[in-house]
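Here the structure comes first, spelled out in structure tokens, and everything after it is commentary.
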Number of protein chains: 2
Amino acid sequence: MERSTRQRQAIREVMTELNRPLSPTEVLEAARYKVPGLGIATVYRTLKGLVEEGSAVTVELPGEPPRYELAGKKHHHHFHCNQCGKVFELEGCPGDFSFMVPQGFKTEKHEIVLYGRCTDCLN
Amino acid sequence: MERSTRQRQAIREVMTELNRPLSPTEVLEAARYKVPGLGIATVYRTLKGLVEEGSAVTVELPGEPPRYELAGKKHHHHFHCNQCGKVFELEGCPGDFSFMVPQGFKTEKHEIVLYGRCTDCLN
DNA sequence: GACAAGATGATAATGAGTTATCAATATAAA
DNA sequence: TTTATATTGATAACTCATTATCATCTTGTC
């Protein structure tokens, strides 16, 4: 990640503008409006680089290949639309799950995923 | 799933006895104590059959291939040990996540996964 | 016990996602 | 501009999980 290229700029822009976890394919499709010839390999390379330099993080959802979002956001969870497949960020968190944890277990992290329909799909 | 075989019995037994979501490989390893020559193909075939007949369900966790648990349990979530990789069932659920959902979204389902160390790994 | 059909195990094949390769191109420093 | 080299895009190769294939073995009925 040394040089600044049109491709890398486009990918960063897309992630900022859409502001939700994106799959490599979603990044490709969105960034091709800015850089038509963009290739999937460049998307994978750039996403990997962004994660390595700490500008992006991987978002894993059950049964899905990884998505990517910009780093630095505060603690949050995700909503997965069952219709369009897009993933959105959610605010808020119940926070305490200790009542669910068996004796002797120690919790270090948690993930919540809500599933349903987004506004656009319900329109 | 028509005939009763040693292999199928062993696989059902293992799922009942261990009572946690198991990957096909975990099923294979555990069931081989009962049926030494057991092959991975039979495990996949049997798990698929159990799901089709409604005796088992698929458990998907972020970034992991599917696991399988016996069907018919009440609503629950899972704990993933970061050390041994085993997944355990949890009781209880915060239940209401409506405060996290944006205007216009409709929630139909939720998943919670806790990560940490299990008793055995903390011992 | 004999037999037909289902089941098994080894392994080749598949599929989805991701990475490696490499000639051509673009960046940025001189 | 020139130039060294990082980057790109097309695509072959790879990885991992899962499924298909098929000769052999089992089950369960007669």
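Just so it is clear: chains get the letters A, B, ... in the order the sequence lines come, proteins before strands, and each one is counted from 1.
- Here the P atom of nucleotide C:dG9 and the CZ atom of B:R6 are 8 Å apart, to the nearest Å.
- In this structure, B:T5 reaches the C:dT8 phosphate: one of its side-chain N or O atoms is under 4.0 Å from OP1 or OP2.
- Residues meeting the side chain to side chain donor-acceptor pair (under 3.5 Å) test with B:H80, sequence neighbours left out: none.
- Side-chain N or O atoms of B:T42 include none that pairs as donor or acceptor with a backbone N or O of B:L38 at under 3.5 Å.
- What separates CD of A:Q9 from C1' of D:dA6 is a distance of 16 Å, to the nearest Å.
- Which of D:dG28, C:dT8, C:dG17 sits closest to the side chain of B:R3 comes down to D:dG28.
- In this entry the distance linking CG of B:L47 with P of D:dA17 reads 15 Å, nearest Å.
- In this entry the distance linking CG of B:L28 with P of D:dT18 reads 13 Å, nearest Å.
- Listed nucleotides D:dT18, D:dT7, C:dT19 differ in distance to A:K48; the shortest reach to its side chain belongs to C:dT19.
- For B:Q7 and C:dG9, the shortest distance from a side-chain N or O to OP1 or OP2 is below 4.0 Å.
- Note: CD1 (B:I40) to P (C:dA7) measures 18 Å, nearest angstrom.
- By the salt bridge (charged side-chain N to carboxylate O under 4.0 Å, His left out) test, B:E69 pairs with no residue at all, sequence neighbours left out.
- The base of C:dG6 is not paired with the side chain of B:R45 by any donor and acceptor separated by under 3.5 Å.
- For B:F105 and A:F88, the distance between ring centers is under 6.0 angstrom.
- Comparing B:S4 and B:Y68 along DNA chain D, the residue whose closest nucleotide (by nearest heavy atom) sits nearer the 5' end is B:Y68.
- Between A:Y44 and C:dT18, a side-chain N or O to OP1/OP2 separation shorter than 4.0 Å is present.
- Five base pairs at each end of the helix from C:dG1-D:dC30 to C:dA30-D:dT1 define two local axes, and these are offset by 30° (rounded to 10°).
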Would you check, one step at a time, whether the test salt bridge (charged side-chain N to carboxylate O under 4.0 Å, His left out) holds for A:R6 with A:E13? CA-CA 10 Å; A:R6 287 180 308 130; A:E13 282 172 25; over 6 Å; no
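- Of the possible donor and acceptor atoms, one in the side chain of A:R8 sits under 3.5 Å from a partner among the backbone N and O of A:R3.
- Closest to the side chain of A:R8, from the set D:dT18, D:dT8, C:dA10, is D:dT8.
- Under the 3.5 Å distance criterion, the side-chain polar atoms of B:E52 are left unmatched by any main-chain donor or acceptor of B:G49.
- For the pair A:E2 CD and D:dT8 C1', the computed distance is 15 Å after rounding to whole Å.
- Atom CG in B:L38 sits roughly 14 Å away from atom P in D:dT26 (whole-Å rounding).
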